[in-house]
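Just so you know, these numbers come straight off a predicted model, no measurement behind them. Index from 1, following the sequence.
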Amino acid sequence: MTDEPAAQPLLQMALRVEQDIFVIRQRGREVAAVVGLEHQDQVRVATALSEVARDLLRTTGGADVSFHVDAGADGRCHLRADLAPLAPLPDDRYQPQSGAVSRLVDTLSVSTAEGVTVVRMSRRVPANAPTPTPERLAEFRTELGRTAPGSALDELTVQNGQLIAALDEVRSQRDELAVLNEELAETNRGVLALYNQLTEELEETNRGVVALYAELDEKSAQLRTASESKSRFLANVSHELRAPVTAIIGLGRLLTDSASDPLTDEQGRQVDLIRSSAADLLNLVNELLDLAKAESGRIEPDVTEVDLRPLFGQLRGTLRALATRPEVELVVEELTGPALLRTDEVLLGQVLRNLLHNGLKFTERGEVRLRASQHGDRWQFDVSDTGPGIAPELHDRIFEEFYQIPGATRVGGTGLGLPYARRLVTLLGGSLELTSAQGEGSTFTVSLPTGGA
Ligand code: ADP
């Protein structure tokens with residue numbers, strides 16, 4: 001179809017008298033149908049043609065009309081109608097009488113081609129329309145040449161039919177719109193009801209959550225009070241117990257003193273038993289007191305610049321006395337270079353002594369080792385041993401008060417050392433963690449900020 005010479009129009013007609021307007025309208029519709037425009041578009045093109053023809057007959061006394069089929073830049077076919085006026089257009093411009101005309105077609109403009117000024121309109125052929133073959137166009141040309149155009153009356157009848165069809169279409173569209181509107185209103189009502197229901201449910205849930213929070217607050221206040229009462233009780237009882245227990249130990253010492261009256265062997269053994277039991281009790285009382293103090297927040301760390309080297313020397317000295325098994329070696333690693341950190345020296349000493357003491361208590365052969373290392377802005381202390389190790393499921397439990405792993409009790413102790421150590425480390429702004437597995441020894445790691453809590 002693009003091979004169709006541009007100069008050879010599909011159809012040419014003359015617009016000279018009023019009657020021609022009907023003919024142009026009729027032929028325009030037929031051409032539109034042949035190139036594949038839909039029924040509605042055929043009516044649009046025909047109406048636009050008759051409007052422009054009427055305008056030109058009035059302003060320029062007539063025009064030569066030609067129809068063409070072009071291939072557009074978008075690869076689609078366009079039906080083009082050129083109306084070349086017989087006299088120049090006023091001001092070389094074309095202003096349609098009815099502004100709606102330009103909306104009936106895709107383009108409506110004044111163009112000048114090869115010195116001829118034409119009013120040109122075009123309408124795109126739908127993509128799904130079968131492309132008219134050159135043969136079909138030639139056939140159509142002949143057909144048009146043969147048939148005589150209908151009269152104005154015929155065209156008026158057709159036009160009336162089209163108008164009725166258009167009115168029908170408008171009415172059915174309006175009915176459809178009314179149904180759609182009703183459906184939309186229905187949906188809106190449903191959405192609104194759902195929204196209200198959801199809002200209500202949300203409010204209900206919110207009320208529940210608020211009540212739950214209030215209950216939680218109350219419970220945690222109760223817990224706080226209970227914990228404070230427990231600490232106060234522990235502190236008071238321990239304090240009250242300390243004096244009589246110390247007195248028992250003193251009396252025992254007096255009884256076995258060489259200056260006192262000699263005791264029988266049996267009496268001596270029994271007094272020794274009383275003394276050692278009282279010493280155990282005093283130990284327990286002291287630990288309870290320490291823990292109660294740490295829990296009640298009455299321990300205020302005395303933070304100073306601490307050099308770890310003398311502290312380690314001290315630990316080496318005091319713990320050697322506890323390392324009584326020849327099969328277990330106590331290693332406090334040497335610190336090379338200055339090892340300074342801001343903390344409470346006494347509390348840190350207590351924590352490390354406690355961990356090393358545990359290591360020595362539970363390890364039957366191998367070694368117990370303390371090593372310190374600096375990582376960024378923290379100091380890390382690892383107390384490791386080659387003892388029995390601790391199963392992962394007990395890693396949290398051994399930090400609970402009075403918890404001792406079954407079987408471990410025979411080496412003595414109270415089950416208060418680790419919870420106390422963890423409290424102190426927390427007070428110093430650090431953490432105490434355990435890495436261990438059963439049968440593989442244990443490593444307790446204390447991590448403290450170099451700059452203090
Ligand atoms: P205590 O040593 O007075 O019993 P702790 O609170 O210090 O109390 O320790 C709690 C329990 O954790 C101990 O009874 C022991 O079962 C276990 N435990 C602590 N340290 C070690 C260790 N180095 N190796 C194996 N078990 C340990």
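- No hydrogens or angles considered: a donor-acceptor pair under 3.5 Å links the side chains of Thr445 and Asp382.
- Of the N and O atoms on the side chains of Ser447 and Arg378, at least one donor lies less than 3.5 Å from an acceptor on the other residue.
- For Ser436 (side chain) and Gly389 (main-chain N/O), no donor-acceptor pair under 3.5 Å exists by modelled atom type.
- For the pair Ile390/His395, a side-chain contact is recorded, criterion being any heavy-atom separation below 4.5 Å from C-beta on.
- At least one donor-acceptor pair closer than 3.5 Å links the side chain of Trp379 to the backbone N or O of Leu340.
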- prompt: When you look at Val52 and Leu108, which way does the side-chain contact (heavy atoms from CB on, under 4.5 Å) test go after all the steps?
  reply: CA-CA 10 Å; Val52 176; Leu108 175 64; 4.3 Å; yes
query: salt bridge (Lys or Arg N to Asp or Glu O under 4.0 Å) between Arg189 and Glu182: does it pass, once the steps are laid out?
result: CA-CA 11 Å; Arg189 275 193 293 279; Glu182 182 49 40; 3.7 Å; yes
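- Under 3.5 Å, the side chains of Gln267 and Asp265 contain no donor-acceptor pair of N or O atoms.
- Here the straight-line distance linking atom CZ of Phe362 with atom OG of Ser442 works out to 9.5 Å at 0.5 Å rounding.
- The shortest heavy-atom contact between Asp385 and Gly359 is OD2-CA, 3.7 Å.
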query: Which is it for Arg93 and Gln95 under the side-chain hydrogen bond (donor to acceptor under 3.5 Å, both in side chains) test, yes or no, and what are the steps along the way?
result: CA-CA 6 Å; Arg93 289 178 59 231; Gln95 190 70 39; 3.2 Å; yes
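- Here the shortest heavy-atom pairing between Thr450 and Gly376 reads OG1-O, 4.5 Å.
- Residues Leu330 and Leu370 form no side-chain contact, since every pair of their non-hydrogen atoms from C-beta on lies 4.5 Å or further apart.
- Checked by atom type and distance alone, the side chain of Thr199 pairs as donor or acceptor with a backbone atom of Tyr195 at under 3.5 Å.
- One finds the CG atom of Asp396 at 11.5 Å from the OH atom of Tyr403 (value rounded to the nearest 0.5 Å).
- The two residues Arg253 and Arg275 come nearest to each other via the heavy atoms N-CD, 3.7 Å.
- Closest approach of Arg124 and Leu37 over heavy atoms only: O-CD2, 3.3 Å.
- Closest approach of Pro419 and Phe399 over heavy atoms only: CB-O, 3.4 Å.
- For Asp168 and Arg171, the salt-bridge test passes: some basic side-chain N is under 4.0 Å from an acidic carboxylate O.
- Looking at Ser220, its side chain does come within 3.5 Å of a backbone N or O of Leu216 through a donor-acceptor pair.
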Trace of the side-chain contact (heavy atoms from CB on, under 4.5 Å) decision for Arg120 with Arg80: CA-CA 7 Å; Arg120 172 171 294 176; Arg80 165 163 66 89; 3.4 Å; yes
- request: Begin from the C-alpha positions of Lys230 and Glu401 and carry the test salt bridge (Lys or Arg N to Asp or Glu O under 4.0 Å) through to its verdict.
  value: CA-CA 12 Å; Lys230 186 196 75 177; Glu401 290 148 30; 3.1 Å; yes
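- Separation of atoms OG1 (Thr343) and CG (Leu427) is listed at 10.0 Å; rounding is to 0.5 Å.
- Residues that satisfy the salt bridge (Lys or Arg N to Asp or Glu O under 4.0 Å) test with Arg316, not counting sequence neighbours, are Glu334.
- A donor atom on one side chain and an acceptor atom on the other are not found under 3.5 Å apart for Arg369 and Thr386.
- Other residues, nucleotides and ligands place no more than 12 heavy atoms under 6.0 Å from the CZ atom of Arg103.
- Around NZ of Lys293, the count of heavy atoms belonging to other residues, nucleotides or ligands within 6.0 Å does not exceed 12.
- In this structure, Leu315 CG and Leu355 CG are separated by 10.5 Å, a value rounded to the nearest 0.5 Å.
- Between Leu10 and Val31, the closest side-chain pair of non-hydrogen atoms falls below 4.5 Å.
- Atoms CZ and NE2, on Arg44 and His39 in that order, are 10.5 Å from each other to the nearest 0.5 Å.
- Here the CZ atom belonging to Arg371 is positioned 10.0 Å from the CZ atom belonging to Phe312, to the nearest 0.5 angstrom.
- Nearest approach of Leu319 to Leu360, heavy atoms of both residues: O-CD1, 4.0 Å.
- For the 3.5 Å distance criterion, the side chains of Gln350 and Tyr420 qualify, holding a donor opposite an acceptor.
- Contact check for Leu288 versus Phe402: side-chain heavy atoms found under the 4.5 Å cut-off.
- One finds no salt bridge joining Arg365 and Glu329 here, because no Lys/Arg side-chain nitrogen approaches an Asp/Glu carboxylate oxygen to under 4.0 Å.
- The salt bridge (Lys or Arg N to Asp or Glu O under 4.0 Å) check on Glu38 picks up nothing, with sequence neighbours excluded.
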- request: Show the numbers, then the answer: is there a side-chain contact (heavy atoms from CB on, under 4.5 Å) between Thr443 and Leu434?
  value: CA-CA 6 Å; Thr443 301; Leu434 164 64; 6.0 Å; no
task: Check the pair Leu424 / Ile299 against side-chain contact (heavy atoms from CB on, under 4.5 Å), numbers first and verdict last.
output: CA-CA 9 Å; Leu424 292 188; Ile299 295 181; 4.0 Å; yes
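- Inter-residue side-chain proximity for Arg422 and Val351 is flagged as unmet; no heavy-atom pair is nearer than 4.5 Å.
- In this structure, the side chains of Arg309 and Pro338 come closer than 4.5 Å at one or more pairs of heavy atoms.
- Residues Glu204 and Glu200 form no side-chain contact, since every pair of their non-hydrogen atoms from C-beta on lies 4.5 Å or further apart.
- Taking the side chain as every heavy atom from C-beta outward, Arg174 and Glu169 never approach each other to under 4.5 Å.
- At a threshold of 4.0 Å, the pair Lys219-Asp217 does not count as salt-bridged, since none of the basic side-chain nitrogens sits closer than that to a carboxylate oxygen.
- With sequence neighbours excluded, no residue forms a salt bridge (Lys or Arg N to Asp or Glu O under 4.0 Å) with Glu305.
- Between the side chains of Thr107 and Ser122, at least one donor N or O lies within less than 3.5 Å of an accepting N or O.
- No donor-acceptor pair closer than 3.5 Å links the side chain of Asp344 to the backbone N or O of Pro301.
- For Glu393, the CD atom sits in a packed shell: over 12 heavy atoms of surrounding residues, nucleotides or ligands are nearer than 6.0 Å.
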